[in-house]
Protein chains: 2
Amino acid sequence: MEALRADMFEEICPSSLLPFRIGGDKWAGMVLRCLEDGPRRYSELRVPLARISPKMLTQSLRSLERDGFIRRTEYAEPVRRVTYELTGLGRSLLEPLRTFCSWAEEHWDELLDARES
Amino acid sequence: MEALRADMFEEICPSSLLPFRIGGDKWAGMVLRCLEDGPRRYSELRVPLARISPKMLTQSLRSLERDGFIRRTEYAEPVRRVTYELTGLGRSLLEPLRTFCSWAEEHWDELLDARES
DNA sequence: CCGGATCCAAATTGATACTG
DNA sequence: CAGTATCAATTTGGATCCGG
C-alpha cells in the first residue's frame, strides 16, 4: 500500500470482500491496513475509507486503541492534529492480515464465478 | 480440531475473539472451522456453535454455499439428513484462517492485558 | 478548516416458538 | 431433523452539528 487512494476499498476489491473483524468491529481490518505505512491523521484515513461514516471510523479507532492495536497521539499545535499509528501488537497483526489478502487475490476469479451462479 | 465440543467458541477463546467475515457474514469463519474435519450435519454444527441462533446459522450456511465455500447435500432417507462440507475453495481458506488463530493464541496474553486497562 | 459528537433512520442480529 | 416465522434488540449508516 504505497499511498492512500480514494478508491482503495471501494466496490469490488479483494480486501473489501474480506473485511475481518476484531472483537466485533467490522472495519478494523481495513483501518489497520491503512496504517501499515506509518501514522495517519483522522482526515487522511477518511480518504481511503470513504465508505465509512465519521461515526464508525471514530468508533473503530477507539475500539482498536482500547484493545492495544493502535496508539492515538494529539499534538498541541496551532492547527489541531491527531495521528493514529500501529503499536507492536497492531503491527504483528499485519502478517495474518496479509495472508488473508493474498488468499483473496489468488482466488479472486473463483470467488466471482461462485457469486454469479 | 479433533471433535466438536460444546464450549469450543464460547466465552474467551482465541478464535472467537477473531471471527472474520466473508462478505458481511459474521459467523462464516467459525462455521468453516467446524467443517475442517469433514462433513457435518446441521444439528452437529449447532453444538460447537451454540451461541448462534438457528436463523443465523442457516443464513451463514446459505451465504457460504452461495459463495462456493461449502456444499450442501440432502439425502433421501427415512430420517431426514442434510450435510455440509467444504469445497476446494473453502478448504483453501483454512490456511489463512489458521494463521489468524495461531496469531491470536500467540498474542492472547497481550490481548487480555490491553483489554483490562 | 480539523476531529470528532449527536440524533435519527435503516439494516442486521438475536431469542424464542413453531413447522414439514 | 432441519430448518422458518415472528418480533425484540443491537448495530450501522447518514446527515448534521459543534468546539477549538
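The structure displayed is predicted, hence computed values, not measured ones.
- Residue-environment remark: CD (B:E95) stays at or below the threshold of 12 foreign heavy atoms within 6.0 Å.
- The overall bend of the helix from C:dC1-D:dG20 to C:dG20-D:dC1, read as the angle between its terminal helix axes built from five base pairs each, is 30° when rounded to 10 degrees.
- The backbone N or O of A:L86 lies less than 3.5 Å from a partner atom in the side chain of A:R91, making a donor-acceptor pair.
- Rounded to whole Å, the distance from CZ on A:R80 to C1' on C:dC2 is 7 Å.
- For the pair A:I52 and B:R62, nearest-nucleotide mapping onto DNA chain D gives the more 5' position to B:R62.
- Here CG of B:L93 is found 5.5 Å from CZ of A:F100. Values are rounded to the nearest 0.5 Å.
- At distances below 3.5 Å, not a single donor-acceptor pair connects side-chain atoms of A:Y42 with backbone N or O atoms of A:L57.
- Listed nucleotides D:dG3, C:dC2, C:dT6 differ in distance to B:T58; the shortest reach to its side chain belongs to D:dG3.
- If A:T83 and B:M56 are placed on DNA chain C by their nearest nucleotide, the residue sitting closer to the 5' end is A:T83.
- Checked against C:dT16, D:dG3, D:dG13, the side chain of A:W27 finds its nearest nucleotide in D:dG13.
- Rounded to an integer number of Å, the gap from NZ of A:K55 to C1' of C:dA9 is 10 Å.
- Residues from residues 71-79 of chain B with heavy atoms under 4.0 angstrom of DNA chain C: there are none.
- Distances shown here put a side-chain N or O of A:R41 below 4.0 Å from the OP1 or OP2 atom of C:dG3.
- Put simply, CG on B:L57 is 9 Å from P on D:dG3, counting in whole angstrom units.
- At whole-Å resolution of the value, CZ in A:R46 and C1' in C:dG4 are 9 Å apart.
- Residue B:Y84 places at least one side-chain N or O closer than 4.0 Å to OP1 or OP2 of D:dG3.
- Straight-line distance from the CD atom of A:E44 to the P atom of C:dC2: 11 Å, rounded to whole Å.
- The line from CZ of B:F69 to CD of A:E110 is 9.0 Å long, rounded to the nearest 0.5 Å.
- Side-chain atoms of A:H107 and B:S92, non-hydrogen and from C-beta on, do get closer than 4.5 Å to each other.
- In this structure, the CD atom of B:Q59 is 11 Å from the C1' atom of C:dA11, given to the nearest Å.
- B:M56 is listed as a side-chain neighbour of B:Q59, based on a closest heavy-atom distance under 4.5 Å.
- Looking at the side chain of A:P54, the nearest of the listed nucleotides D:dA15, C:dG14, C:dA17 is D:dA15.
- Atom CD of residue A:E65 and atom OG1 of residue A:T87 lie 10.5 Å apart, to the nearest 0.5 angstrom.
- A donor-acceptor pair is defined here as one N or O able to donate and one able to accept, closer than 3.5 Å; such a pair exists between the side chain of B:S102 and the backbone of B:R98.
- Rounded to a whole Å, the CG atom of B:L61 is 10 Å from the P atom of D:dT4.
- The side chain of B:S43 has D:dC1 as its nearest neighbour among D:dC1, C:dC2, C:dC8.
- Considering only heavy atoms from C-beta on, A:L97 comes within 4.5 Å of A:R33 through its side chain.
- Distance, A:E65 CD to C:dG3 P: 15 Å, rounded to whole Å.
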